[in-house]
Amino acid sequence: MNDIPKAYNPKLTEDKWYKYWEDKGLFEASIDAKKRPYTIVIPPPNITGILHMGHALNNAIQDILIRYKRMQGYEALWLPGTDHAGIATQNVVEKELAKENKKRQDLGREEFLKRVWKWREEYGNTIIKQLKKLGCSCDWSRTRFTMDEGLSDAVLEVFIRLYEKGLVYKGDYIINWCPRCQTALSDEEAQHRDVEGMLYYIKYPVKNPKSEIRNPKKEEYVIVATTRPETMLGDVAVAFSPKDKRYKHLKGKKLILPILNRELDAVFDRLVDPKFGTGALKVTPAHDPIDFQLGLTHGLTPVNVMNPDATMNKEASVDYEGMDRFECRDALLEDLKERGLLVKTEPHRHAVAHCYRCHTMVEPRLSKQWFVRMKPLAKKGIEAVKKKRVKFYPARWTKVYLNWMENIKDWCISRQIWWGHRIPVYYCNKCEDGIVVSKKKPDKCQKCGSADMVQDPDVLDTWFSSWLWPFSTLGWPGETEDLKYFYPTDTLVTAQEIIFFWVARMIMAGLEFAGEIPFSGVYIHGTVRDATGTKMSKSLGNIIDPLDIINEFGADALRFSIISITAVGQDVFLSKEKFEMGRNFANKIWNASRLVLMNLDRDKVRVDLCKFYDKSKLELKERWIVSRFYQTLENVGAALDSYKINEAVKLIYEFFWHEFCDWYLELAKSTFSKEDTQVILYKVLEKSLRMLHPFMPFVTEEIWQRLPHEGDSIMVATWPHIQKDLIDKKAESDMELIIGVITSIRNIRSTWRIEPKRFIAAYLKSAKKESRETLAENEDYIKRLARIEELKIVTKEKRPEASVIGVFDDVEIYVPLQGVIDYEKERSKLAKRLEELENRSRDLSGRLKNKKFLQNAPKEVIQKFKSTQEELKDQIGKLKSNLKSLS
RNA sequence: GGGCGCAUGGCGCAGUUGGUUAGCGCACUUCCUUGACAUGGAAGGGGUCAUAGGUUCGAGUCCUAUUGCGCCCACCA
């Protein structure tokens with residue numbers, strides 16, 4: 001076995017095994033009536049994206065779950081795919097066009113879309129390839145894309161159903177408008193960020209009804225405060241709180257809009273907060289949601305002063321027409337200042353909406369858009385979660401979800417872009433009110449019979465296709481076998497940022513259209529941040545590229561490390577060094593296996609462990625490691641079943657490294673030739689690899705293939721069955737004693753600087769017969785690992801002359817030292833220990849005397865405390881006599 | 001304005017329903033190039049669990065308040 005390199009090299013294994021699994025079709029799920037399905041649907045990454053750490057974490061979790069379930073015998077389907085990301089993709093392709101000095105309008109809609117499809121063919125699969133690098137065991141034969149024929153059909157079907165139910169409507173409302181992308185956005189797509197802005201105080205003259213002649217000295221003013229002075233060009237009123245006494249007298253009066261000299265109504269409304277600014281609100285119904293509301297209530301006609309690209313239009317007056325909104329702000333402020341109408345400016349911090357795709361400041365804008373009425377849909381979604389048919393992990397997100405759902409607002413779904421599902425609505429060019437909603441273009445208008453029908457130019461929000469993902473990917477609206485077998489799916493794994501965008505909407509869509517919840521569990525993991533706690537993003541340049549990590553440390557290391565530092569729902573802070581842990585562990589697994597492979601007699605080990613296992617025949621170390629394995633297996637299973645993946649990872653790490661490698665392998669070295677050791681070594685390693693496989697698929701496959709095995713791949717081997725009767729508590733406590741004694745001797749060797757190579761003598765004294773037996777039966781372990789040549793196990797003998805003392809539980813350890821012993825050092829060591837024990841003992845006896853404690857505490861606890869107290873007293877006695885013997 | 005999360009050894013983090021002596025990784029100290037592994041082994045040092053109260057026989061864990069950091073939501077003109 002000299003062909004096994006000393007260090008594990010992921011580069012030699014990862015691609016090889018991925019291809020092997022793929023070629024054998026192991027990722028593919030089929031409908032198997034004998035098996036129970038377990039389904040995870042991937043949160044579809046956006047085709048313009050590249051794999052970042054958030055994806056790596058997200059997909060590592062999903063892959064662990066799906067591999068675990070697959071090994072447990074479920075028909076495990078992990079359904080992958082991508083999302084067409086309307087705005088983002090269109091932006092990317094438009095940027096490409098810009099290099100050729102072209103705009104999308106130059107190509108025309110059809111040509112442009114061809115171009116996008118071409119782009120998608122070329123680059124849209126990058127992220128899929130990267131997921132393969134991570135080791136994701138998705139069923140790629142079922143890969144879906146939101147613009148696929150089937151999924152597109154589902155989108156149209158849903159739009160039509162909603163329209164027919166009256167849940168989709170078109171109307172003029174204030175929406176979030178991105179001037180750069182030139183499209184409407186939903187509320188969720190407009191992300192609020194705090195901005196250091198200014199609050200400008202501007203004088204609006206009150207119109208004097210008696211005299212048309214203005215006398216600047218006697219003129220009365222109302223001062224309004226605004227953060228966006230440029231919108232004043234669209235003002236149609238000034239509003240006050242009805243309770244505000246300062247402005248009572250203005251009822252029925254008019255004000256004059258400075259510069260444009262337009263007449264403004266004075267209106268009174270409860271929406272106005274008298275405490276903000278001066279209590280006077282300028283009303284711009286076309287550019288602000290509250291103002292729009294005020295406009296409706298008070299019958300004001302909105303004046304839109306901006307073009308789609310947020311430059312001022314001609315309504316804004318010739319002086320400002322064509323200026324950008326911010327340019328206009330400056331110009332306007334200058335003009336106001338000149339006329340002495342700008343009273344003051346003060347700094348004002350406030351949240352401003354930004355486009356989630358390009359981060360441009362969103363402009364609230366009045367326009368005609370399509371909306372989905374959400375309240376009726378939300379009702380079912382709320383109920384499903386309240387009845388726990390859908391559960392969140394961690395549970396606290398339930399509240400966040402419910403709060404959003406209970407205050408849900410209508411969803412603006414139309415986008416003024418070209419890349420996406422075009423709205424299936426056709427208008428008659430002849431008669432005004434001929435509207436047909438249909439998957440296909442109608443032949444003629446149903447009202448007037450004209451064949452001149454045009455389709456709505458807008459497309460649907462990308463999330464309008466994503467919300468159908470769990471069932472549209474399985475063939476809905478068709479009643480497919482897949483849908484019947486795999487739907488509803490089991491677990492959705494996603495990040496917190498996407499609960500509103502996606503999770504909530506999927507629940508609503510699943511219930512409304514597929515008639516069933518889309519998944520029963522929602523696992524929300526943390527956000528990946530860099531070492532300073534800022535969210536990783538391309539624009540900040542603080543990205544740690546998962547592919548770099550895979551390249552340097554391996555995919556297994558990446559998966560293992562990122563999982564082990566992710567507690568449920570807690571954010572993850574990353575730095576490159578953190579991946580060393582996973583790499584080191586992979587290497588440890590590799591070398592432990594290397595040791596086994598170098599010493600394995602392959603013919604001897606093919607037996608059934610349960611049949612082979614004979615408690616009376618096996619040595620302690622074998623009984624112990626088998627017991628520890630099954631105990632770990634049980635705990636790992638429990639952790640995984642409750643989504644505590646980091647806990648599972650830690651259990652495995654601890655077991656494999658610190659028990660199997662540090663102790664068992666060291667002990668097994670002396671008995672490699674024995675059949676018992678051969679079998680147990682092989683069995684525990686092979687089963688451990690299976691337990692490790694979901695977490696570290698590549699290194700486990702590489703080793704497993706080199707071990708005697710049955711079947712094609714560890715990936716489809718069964719998850720080890722827990723053998724409860726092989727969990728041997730006596731063996732575990734016996735081994736603890738041995739380990740404790742060895743450690744204690746090593747400690748003595750270390751403090752007294754006994755050369756590591758030298759064999760020494762040691763005396764082990766215990767009053768307990770049981771302990772003496774355990775020590776005697778396993779004295780070889782102690783001799784080997786503590787380098788003892790002469791070991792005496794005694795009952796009552798006094799401390800040998802010129803020896804130092806160690807204690808573990810009921811066992812006293814004496815190591816005779818040649819040369820001069822520093823008794824002062826030894827005394828102070830023991831005295832320190834004695835003090836510690838006495839403190840603890842005092843504490844314990846206090847509790848044990850407490851009546852309430854004896855009444856209330858569980859019996860096991862009292863028993864534990866009592867036995868501890870006895871042991872403590874015993875140890876204290878020994879320490880005292882030892883101290884005495886030193887003087 | 002509302003809601004949520006986090007404060008545990010130098011750093012990054014675990015800590016299940018309250019129950020002996022609070023764990024892990026990195027870093028640190030000393031020793032070890034013995035044929036699985038220096039991406040390693042052995043032995044150590046290091047923590048008033050943010051602060052102040054409270055509940056309890058018993059609090060890192062539950063309650064209240066305070067401080068600091070972070071996140072989310074909201075019609076902060």
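Note that the structure is predicted; figures quoted are calculated from it, not measured. Naming: A, B, ... by sequence-line order, numbering from 1 per chain.
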**Message:** Counting only side-chain heavy atoms from C-beta out, which of C32(B), A36(B), U21(B) sits nearest to Leu665(A)?
**Reply:** A36(B)

Whole angstrom is fine here: how far is it from [atom1] in [X] over to [atom2] in [N]?
X: Leu844(A); N: U21(B); atom1: CG; atom2: P; result: 6 Å
X: Leu834(A); N: U21(B); atom1: CG; atom2: P; result: 17 Å
X: Glu189(A); N: C73(B); atom1: CD; atom2: P; result: 13 Å
X: Glu188(A); N: C73(B); atom1: CD; atom2: P; result: 9 Å
X: Ile742(A); N: G41(B); atom1: CD1; atom2: C1'; result: 15 Å
X: Phe553(A); N: U39(B); atom1: CZ; atom2: C1'; result: 10 Å
X: Trp657(A); N: U39(B); atom1: CH2; atom2: P; result: 11 Å
X: Phe808(A); N: A43(B); atom1: CZ; atom2: P; result: 12 Å

**Asked** How would RNA chain B look in dot-bracket form, 5' to 3', counting Watson-Crick and G-U wobble pairs with both distances under 3.5 Å and writing | for bases paired to another strand?
**Response** (((((((..((((.....[...)))).(((((.......))))).....(((((..]....))))))))))))....

**Item:** Pair Lys832(A) + Glu836(A), salt bridge at N-O below 4.0 Å
**Value:** no

**Asked** Are the charged groups of Glu826(A) and Lys829(A) less than 4.0 angstrom apart, N to O?
**Response**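 Judged by the 4.0 Å cut-off on N to carboxylate O distance, Glu826(A) and Lys829(A) do form a salt bridge.
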
**Item:** Distance in Å, Ile876(A) CD1 paired with Glu835(A) CD, rounded so as to fall on 0.5 Å steps
**Value:**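 Ile876(A) atom CD1 to Glu835(A) atom CD measures 11.5 Å (nearest 0.5 Å).
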
What interatomic distance, in whole Å, is found between [atom1] of [M] and the corresponding atom of [N]?
N: C63(B); M: G25(B); atom1: C1'; result: 34 Å
N: A52(B); M: U16(B); atom1: C1'; result: 28 Å
N: A50(B); M: U8(B); atom1: C1'; result: 10 Å
N: G46(B); M: C6(B); atom1: C1'; result: 24 Å
N: A36(B); M: U21(B); atom1: C1'; result: 35 Å
N: U48(B); M: G44(B); atom1: C1'; result: 23 Å
N: G15(B); M: U55(B); atom1: P; result: 28 Å
N: G47(B); M: A22(B); atom1: P; result: 12 Å

Pairs of donor and acceptor atoms involving the side chains of residues 275-284 of chain A, under 3.5 Å and at least two apart or interchain, shall be tabulated with distances.
from: Thr278(A); atom 1: OG1; to: Ile223(A); atom 2: O; distance (Å): 2.3
from: Thr278(A); atom 1: OG1; to: Ala280(A); atom 2: N; distance (Å): 3.4
from: Lys282(A); atom 1: NZ; to: Thr231(A); atom 2: OG1; distance (Å): 2.8
from: Lys282(A); atom 1: NZ; to: Asp235(A); atom 2: OD1; distance (Å): 3.0
from: Lys282(A); atom 1: NZ; to: Thr284(A); atom 2: OG1; distance (Å): 2.9
from: Thr284(A); atom 1: OG1; to: Asp235(A); atom 2: OD1; distance (Å): 2.7

Test of understanding: with ring pair (Phe, Tyr, Trp, His ring centres under 6.0 Å), list the residues that count as partners of [X], not counting sequence neighbours.
X: Phe292(A); answer: none
X: Tyr247(A); answer: Phe240(A)
X: Trp411(A); answer: Phe464(A), Trp467(A)
X: Trp590(A); answer: Tyr8(A)

**Request:** Measure up the Phe656(A) and Phe660(A) rings against each other and bin them: parallel (under 30°), tilted (30 to 60°), perpendicular (over 60°).
**Result:** tilted

Counting any heavy atom closer than 4.0 Å, what does [X] reach on the DNA or RNA strands: base, sugar-phosphate only, or nothing?
X: Lys588(A); answer: base
X: Glu666(A); answer: base
X: Phe500(A); answer: sugar-phosphate
X: Arg746(A); answer: sugar-phosphate

Would you list the protein and nucleotides 58-64 of chain B atom pairs, both N or O, that sit under 3.5 Å from each other?
none

Polar pairs (N or O, both sides) under 3.5 Å between protein and nucleotides 75-77 of chain B?
from: C75(B); atom 1: OP1; to: Lys409(A); atom 2: NZ; distance (Å): 2.7
from: C76(B); atom 1: O2'; to: His348(A); atom 2: NE2; distance (Å): 3.4
from: A77(B); atom 1: O3'; to: Thr227(A); atom 2: N; distance (Å): 3.1
from: A77(B); atom 1: O3'; to: Thr227(A); atom 2: OG1; distance (Å): 3.0
from: A77(B); atom 1: N6; to: Asp273(A); atom 2: N; distance (Å): 3.2
from: A77(B); atom 1: N6; to: Asp273(A); atom 2: O; distance (Å): 2.5
from: A77(B); atom 1: N1; to: Asp273(A); atom 2: N; distance (Å): 3.4

**Prompt:** What residue pairs, at least two apart or across chains, pass salt bridge (Lys or Arg N to Asp or Glu O under 4.0 Å) with a residue in residues 646-667 of chain A?
**Reply:** Arg628(A)-Glu659(A), Glu666(A)-Lys669(A)

**Request:** Scan residues 743-752 of chain A for pairs that pass salt bridge (Lys or Arg N to Asp or Glu O under 4.0 Å), counting only residues two or more places apart or in two chains.
**Result:**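 Of all non-adjacent pairs touching residues 743-752 of chain A, none passes salt bridge (Lys or Arg N to Asp or Glu O under 4.0 Å).
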
**Asked** Using the benzene-type ring in the case of Trp, are the ring centres of Trp657(A) and Tyr653(A) under 6.0 Å apart?
**Response**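 Aromatic pair counts; centres sit under 6.0 Å.
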
**Message:** Taking the six-membered ring for Trp, are Phe501(A) and Tyr356(A) closer than 6.0 Å centroid to centroid?
**Reply:** yes

Given [X], which of [options] fulfils the side chain to side chain contact (heavy atoms under 4.5 Å, CB included) condition?
X: Tyr200(A); options: Arg329(A), Lys344(A), Arg228(A), Glu346(A); value: Arg329(A)
X: Val522(A); options: Tyr401(A), Phe392(A), Tyr393(A), Trp397(A); value: Phe392(A)
X: Cys412(A); options: Ile174(A), Ile175(A), Asn176(A); value: Ile175(A)

**Request:** Heavy atoms only: give me the nearest Arg847(A)-Phe853(A) pair and the separation to one decimal.
**Result:** O-CD2, 3.3 Å

**Request:** State, to 0.1 Å, how close Pro258(A) and Ile202(A) come at their nearest heavy-atom pair, and which atoms those are.
**Result:**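 The answer is CG-CG2, 4.5 Å.
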
**Prompt:** Would one find a side-chain N or O of Thr743(A) under 4.0 angstrom from OP1 or OP2 of A43(B)?
**Reply:**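 Checking A43(B) against Thr743(A), a side-chain N or O does come within under 4.0 Å of OP1 or OP2.
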
**Prompt:** Can you find a side chain N or O atom of Lys669(A) that sits less than 4.0 Å from OP1 or OP2 on A36(B)?
**Reply:**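 Checking A36(B) against Lys669(A), a side-chain N or O does come within under 4.0 Å of OP1 or OP2.
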
Every protein N/O lying under 3.5 Å from an N/O of nucleotides 2-4 of chain B:
from: C4(B); atom 1: OP1; to: Lys399(A); atom 2: NZ; distance (Å): 2.9

**Request:** Would you give a per-nucleotide map of nucleotides 23-30 of chain B, 5' to 3', where B means the base has a protein non-hydrogen atom under 4.0 Å away, S means only the sugar-phosphate does, and - means neither?
**Result:** --S----S

**Asked** 5'-most contact on RNA chain B: Asn850(A) or Trp590(A), nearest heavy atom basis?
**Response**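 That would be Trp590(A).
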
